[in-house]
There are 2 protein chains.
Amino acid sequence: MERRVTLKKVSLKAIAQQLNVSVSTVSRALNGKPGVSKRLREQIIKVANDLGYTPDPLAVGLKRGTTKLIGILVPELKGDFFATIVESVERALYHLGYRLLLCPTEDDPKKEEDHLKILVNQRVDGILSAPANFRSNKSLYEAIINEHKIPVVFFDRLVEGVETDYVISDNEEGMRILLEYLISKGHRKIGFIHPLRGIYTSEIRLKTFLEYKDKIVFQEEWIKDGKSSEEDAKEAFTTIMRSKEKPTAIIVGSYHMTLGCLRAAKEMMLKIPEDISIVSFDDAPWNEIFEPPITCVSQDPREIGLIASTILLSRLKNKKMGESRIQTVLKVKFLERLSVAFIK
Amino acid sequence: MERRVTLKKVSLKAIAQQLNVSVSTVSRALNGKPGVSKRLREQIIKVANDLGYTPDPLAVGLKRGTTKLIGILVPELKGDFFATIVESVERALYHLGYRLLLCPTEDDPKKEEDHLKILVNQRVDGILSAPANFRSNKSLYEAIINEHKIPVVFFDRLVEGVETDYVISDNEEGMRILLEYLISKGHRKIGFIHPLRGIYTSEIRLKTFLEYKDKIVFQEEWIKDGKSSEEDAKEAFTTIMRSKEKPTAIIVGSYHMTLGCLRAAKEMMLKIPEDISIVSFDDAPWNEIFEPPITCVSQDPREIGLIASTILLSRLKNKKMGESRIQTVLKVKFLERLSVAFIK
DNA sequence: GTGAAAGCGCTAACAG
DNA sequence: CTGTTAGCGCTTTCAC
């Protein structure tokens, strides 16, 4: 009794003809609109099922202006964090009939802009975005929200000044935890390899780091832009560790870059934590398996994805939730492992 | 001289009115169709640019039956391999104006089926798929290809018997390399934790492993279904290493599962490779950083994505390439590192 | 070379 | 309750 597997193009018209009724009646019946006799409605539904009817989303979209498409902008997919968020979002939206238009930005505001314009053009119902830059594309986002009335929810990052929903982690707190921990372990000479400048999380973490200027031994050469990439972080790490005066600990601003730093340490035959202590932003499955396991502050990407989806969904349902913004800041979790030495 | 950032709904009609010509002329002009005077065409193009016109993809799709949408089915995003493929595909298709509809299947044929039906319904122009199962959904795929005429390109995996393009890796060869290597290192007691049964790569690797039955010490309890998951692999590994008679080496059928095995080894205080040798399918950035670095056969996800996209693109261009199928089998690369001991 | 008209599949007034 | 009509934005005959 297998369901027909080959759903040939069957339109409202086909159903209408088969029952000798008009297309509009069929439309009403199938959409649960009032104004169709119970008996006829049931017949129509039956025929529709038998024929394997599914509405043409293009036609519906054209007419109704709603596409059941959600655009999701992420800098990248590699490296578990954003991948997990996207998976989580997909699971939350899937059963409600929404589909994901995937837009990797590579942290390039220009590519982000292109994607955004296309999403508007495609008439997506909503947009989830981890923006490439905390300043760029501000007016574009505002136009999308205010003029095109497409709900936008930021996650992990945001664009400063854009009034909309978001779910991010407490990056200040994350940096403070890491710093306080290192200090408590006796470290004063502390370096920071931060993510690509311009990214919201990079700016916040850097800003918070700089607030500790006086509590630590501050040295310009120990602060480097790892550009969110494994290679650049590797180079940054190497440079720092080659300088005359070395730090005793380095804070690494993201999981990709942690890989780069570990690679560099390995090549330089540096023992962690004996020769250099390392702590990192973001956890990953392999962090725990490394020798030594890496101490870090972590965010839960699954939760971020779920919350972002939930917020978007409520906007979608409730077009007129008005000005009340849902802005969530998640606590980070501190995972103490073995990558930090105690300094006397 | 910034480009207008807020492209309000501007249609062909708007342009037509502004120049006092008909909509059809504008359409022709903008689509480079013959039958418009050079002068008029230029004017139209200018006005279109000034107004920031972009064709409505829904309307175009409805009319022309082409949507510039590509569906991509992957089991998951976590873990770099498929994430990198998707990124690579996106980069290849992006500049040609194609967008990705992301469909994570979680290796569930039912979810795969749902996604496929929706993709057909959405009238995607093409489908890239790493199918969840080497048998399921065969007739659905065939219907999509033959009846709906939507080109399908399999990557990494395929569905047996479905006549279409694909790009996969040489899994038999991969398994042979691993096995021969272990044997050359003196191993005879070899276990295998394979990916979820039913997945193409799992079946092939298992089949090839079994062909070595007579050249190794074969033991049922050393072969386990790691279900492509970290947890299941961890449990499988633990069980195997608790059995009375232990293998000296274990082949792990995918990168996720490698993490699980390493975790298990750590918990059981097993030293690699002294207590147990490990080799793995698929490489990952962290494989090299582990202590010891993991010996493996690897495929290049970037290349897989690129080839798959290229094939699809040529199908899209050349609807009538006819029966000639492009079926690519990529060589795997063997990366010898330090996770295998030499057994006298 | 250009315009008018039909229609893709659907929804939503407006009439009966 | 049901059918007719119009139209979403675009492409594509078919006339002129």
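- Comparing A/V21 and B/Y53 by the nucleotide of DNA chain D that holds the closest heavy atom to each, the one mapping nearer the 5' end is A/V21.
- The outermost nucleotides of DNA chain D lying under 4.0 Å from heavy atoms of chain A, listed 5' to 3', are D/dC1 to D/dG9.
- In summary, the side chains of A/D156 and A/Y166 do not present any donor paired with an acceptor at a separation below 3.5 Å, with no hydrogens or angles considered.
- Nearest nucleotide to the B/K63 side chain, out of C/dC10, C/dA12, C/dG7: C/dG7.
- Side-chain contact check for B/Y141 and B/E112: at least one donor-acceptor pair (N or O, by modelled atom type) lies under 3.5 Å.
- There is a side-chain donor-acceptor pair under 3.5 Å between A/S22 and A/T25.
- Distance from the side chain of B/S37 is smallest for C/dG1 among the nucleotides C/dG7, C/dC10, C/dG1.
- Inter-residue side-chain proximity for A/L58 and A/L62 is flagged as unmet; no heavy-atom pair is nearer than 4.5 Å.
- Applying the 3.5 Å distance criterion, the base of C/dA4 shares a donor-acceptor pair with the side chain of B/S24.
- Using a 4.0 Å heavy-atom distance criterion, B/P34 is classed as making no nucleic acid contact.
- Between the P atom of C/dC8 and the CG atom of A/L12 lies a distance of 13 Å, rounded to the nearest Å.
- Residues B/S22 and B/A59 each lie close to DNA chain C; by heavy-atom proximity, the contact nearer the 5' end of the strand is made by B/S22.
- As a whole-Å value, the separation of A/L30 CG from C/dA12 C1' is 16 Å.
- Both B/R123 and A/K33 lie near DNA chain C, and the one whose nearest nucleotide falls closer to the 5' end is B/R123.
- Here A/E160 pairs with A/R135 under the salt bridge (Lys or Arg N to Asp or Glu O under 4.0 Å) rule; sequence neighbours left out.
- Classification of B/E87 and B/R91 as a salt-bridged pair holds, one side-chain N sitting under 4.0 Å from a carboxylate O.
- Here the side chain of B/V36 is nearest to one of C/dT11, C/dT2, C/dC10, namely C/dT2.
- Contacts of A/L40 with the nucleic acid, taken as non-hydrogen atoms under 4.0 Å apart, involve only primed sugar atoms and P, OP1 or OP2.
- Using a 4.0 Å cut-off between charged nitrogen and carboxylate oxygen, B/D125 and B/K68 do not count as a salt-bridge pair.
- The distance from atom CZ of B/R28 to atom C1' of C/dG1 is 8 Å, rounded to the nearest whole Å.
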